[in-house]
Amino acid sequence: MTSVLALYRNHDALMNMSSNQQPTLILRRLSVDEYVLPKIHTKKIKRVNSERKPFSVNPFPKLGTGHGVYVFENQYFRYEGEWVKGKKHGFGKLLLKDGTYYEGQFNQGEITGTGFKFFSETKCKYKGQFLKGEMHGRGIMEFPDSSEYEGNFVHNRKNGYGVMRTPLTQYDGGYQGNMRHGEGRMVYAPMRYDKTSNGDRYEGYWVADKRHGPGVLHCADGSIFDGNFDNDEFHGHGLYRHISGVIYDGMWLKGFPAKMASKLHIVVENTPMVIRQGTPFTITVQCLNDENDVVGDEGREIQITAGFKYYQPSKGSALFDMIEDVEDKPIDTPFGYQVVHYPLTNQEQENDGPSEEDEEQELSQSQTQLDLKEDEDENQNNKEEEIKEGEDGEKLAENEKQDDEKEDGVDNSGGGVEEPDEIPNNTTTETESVPLPPPVPNCRSEEGVCVWNEVYLAPAPPMYRPFVAMEEAENDKKSSSRGKPAINKDDRRSSIGNIDRRGSVNKGKTYTATKSNSILDKMRRQKEKALEEKYAKTGEYVLMVHDVTNPPFLGRTIEPAFLLLKLKRPEAKKRAKKEGKKWDTSQHIRRSMVATEGLED
């Protein structure tokens, strides 16, 4: 059976055909069933209109009041919740196409009240009060890095009092325009390997997210600054107590004191400074700035040491072989040479041996004995010359030979006693290990000044490198001088004999004077050796002053100071002259006149 639709479709084709070609159409009446199109069976699909109730169908409420779902024409917003007279009012959820959504209270079509908002772009979450779509009032903002702000908001910005917690800091105080402003307290996390936090704690005022105004900074190392800040730096008046012990109370400029110590200065009248063996001396050091003004900081730790000129040992010497094992490295000085440390102490040196007065008295007694011996030898020589005038030449030669042998410690006369090279001393010959005296302790500055009293140069330690090198150099010079041609003793004796034959008295005086001088030289050498065992060796030393404040104050160590020291022997004490009876001329004349009158009688 041809359907009605098929007939209509072939109507145009039939009209185009000619009359001869047109077939004869038989029209007949169709039944009612033939006019009904076949029924199309379709599956009913449920729509999801609610995120909170995915299986419920909530159409837009009639008259705009009630619970309903509405998708805006731009399809960017979708609202599901309560409506009142066609406006969002009550509790609802507003979903944006980018994933951001708000769920909470609405009032007359606006987001107003308490609610929750998720920001898809920043992944931040806010729970709190809203006003006309903005965060306004008390609320909590959670950030994706586990940071959290709990406090007051005004027009989507942190404003007023709030607490900001981050993995590295915690701040509680005032805010303005999303920045720390007003009085607040910041606590930094402990020191991290990447130095993003230092463990400090600040209590004070802030301006535009920076410390500005009066405040107190407690550093993690224990340092405390109480004063004024400007742009996160110390600026203005402030008191800083550094962990090293340094205290500075004064004006600050951009993070540093207005008067910052940059160098040390040793107060001395004359340069080089002359000191005496065994005599204490005083050292005063000042902390100066670039303008040579004394900086009144307190507690800076200053170290004072001494040094002696460093001598490079020659190759092949015993000192050169052991030089690598010595930890003490040479120190550069502004005097054109290097020095190594020399012991400096403030411990009073013990004087176990004889006093200087005893030594001088002993030396004077020895000198008196030598004078008496010279007079005796001179008288004896005069008698021998009177008895044997013809045998002067041979006798003189023989006496000179014996004298030379005596000076060398040999007596070939058979009855003489060998004369020692050195006069015996009470000091022990065996070397004992004497501990080094304690060094001078470091001094803390007071108003920028350090003072050390009763300072000594201690005796040199055993095998002190510079002294050993000096002795080696002196021995090399002596050995080189010995290589020169020596004067013949016979020629010297003959010349002396010819001279002495002209006057026998001069011969005895020359001999005794030479011998006495040699003994005096030996005594002087012995005395110097004894002094060197008790005191430092005479010569030139260098006094060094360094800033050893640890840790350095504000990360800066001031420049050291150097001073030349000339160590000399002790000054000879002048003995008081004994005042005898004064000569009375009038009394003498009177006595003479009385004696003359007695003779005349």
Shortest non-hydrogen separation from [X] to [Y] and the atoms involved:
| X | Y | value |
| --- | --- | --- |
| Arg300 | Cys287 | CD-SG, 4.1 Å |
| Asp297 | Ala261 | OD2-CB, 4.2 Å |
| Asn346 | Pro441 | ND2-CD, 3.6 Å |
| Lys568 | Val274 | CD-CG1, 4.0 Å |
| Met273 | Ile283 | SD-CD1, 4.1 Å |
| Ser147 | Met164 | CB-CE, 4.1 Å |

Could you check if a side-chain atom of [X] sits within less than 4.5 angstrom of a side-chain atom of [Y], using non-hydrogen atoms only?
| X | Y | answer |
| --- | --- | --- |
| Leu565 | Leu567 | no |
| Leu564 | Glu540 | yes |
| His341 | Ile331 | yes |

- Query: Are Lys158 and Tyr149 in a cation-pi setup, meaning NZ or CZ lies under 6.0 angstrom from the ring centre and within 45 degrees of the ring axis?
  - Reply: yes

With a 6.0 Å cut-off (strictly less than), is the heavy-atom count around [atom1] of [X], excluding the residue itself, greater than 12?
| X | atom1 | result |
| --- | --- | --- |
| Gln108 | CD | yes |
| Lys259 | NZ | no |
| Arg138 | CZ | yes |
| Arg276 | CZ | yes |

- Query: Arg444 and Glu301: side-chain contact (heavy atoms from CB on, under 4.5 Å), yes or no, with the steps?
  - Reply: CA-CA 5 Å; Arg444 293 284 185 174; Glu301 188 174 4; 3.6 Å; yes

Just by distance, no angles: are the side chains of [X] and [Y] close enough, under 3.5 Å, to form a donor-acceptor pair?
| X | Y | result |
| --- | --- | --- |
| His155 | Glu134 | yes |
| Asp230 | His212 | yes |
| Asp332 | Gln338 | yes |

- Residue of the set Trp83, Phe91, Tyr79 for which ring-ring contact (aromatic ring centres under 6.0 Å, His included) holds with Phe106: Tyr79

- Item | Passing option when Tyr202 is tested against Phe229, Tyr171, Tyr188 for ring-ring contact (aromatic ring centres under 6.0 Å, His included) | Phe229

- Query: Can we say Glu203 and Arg201 salt-bridge, meaning some charged N sits less than 4.0 Å from an Asp/Glu carboxylate O?
  - Reply: yes

- Message: With a 4.0 Å cut-off on N to O distance, would you call Lys254 and Glu233 a salt bridge?
- Response: no

- Message: What verdict does the ring-ring contact (aromatic ring centres under 6.0 Å, His included) test give for Tyr248 and Phe553, after you've listed the backbone C-alpha separation in whole Å, the side-chain angles of each residue and the deciding distance to 0.1 Å?
- Response: CA-CA 10 Å; Tyr248 179 82; Phe553 181 61; 7.1 Å; no

- Verdict with supporting geometry, Lys123 and Phe118, side-chain contact (heavy atoms from CB on, under 4.5 Å): CA-CA 7 Å; Lys123 308 301 179 185; Phe118 172 76; 4.2 Å; yes

- Task: Could you walk me through whether Phe119 and Tyr126 pass ring-ring contact (aromatic ring centres under 6.0 Å, His included), step by step?
- Result: CA-CA 8 Å; Phe119 300 85; Tyr126 173 79; 7.7 Å; no

[X] side, atom [atom1]; [Y] side, atom [atom2] - distance, nearest 0.5 Å:
| X | Y | atom1 | atom2 | result |
| --- | --- | --- | --- | --- |
| Phe335 | Phe562 | CZ | CZ | 7.5 Å |
| Asp290 | Lys263 | CG | NZ | 6.5 Å |
| His89 | Gln105 | NE2 | CD | 9.5 Å |
| Thr549 | Gln303 | OG1 | CD | 11.0 Å |
| Glu103 | Leu94 | CD | CG | 11.0 Å |
| Leu457 | Leu344 | CG | CG | 5.5 Å |

- Message: Does the plane of the ring in Phe225 sit parallel, tilted or perpendicular to the ring in Trp252? Use 30° and 60° as the thresholds.
- Response: perpendicular

- Would you sort out whether Asp145 and Thr166 count as a side-chain contact (heavy atoms from CB on, under 4.5 Å), showing the intermediate values? CA-CA 8 Å; Asp145 61 349; Thr166 69; 5.7 Å; no

- For Glu121 and Asp98, what are the C-alpha separation, side-chain angles and deciding distance, and is it a side-chain contact (heavy atoms from CB on, under 4.5 Å)? CA-CA 8 Å; Glu121 184 177 357; Asp98 62 353; 6.0 Å; no

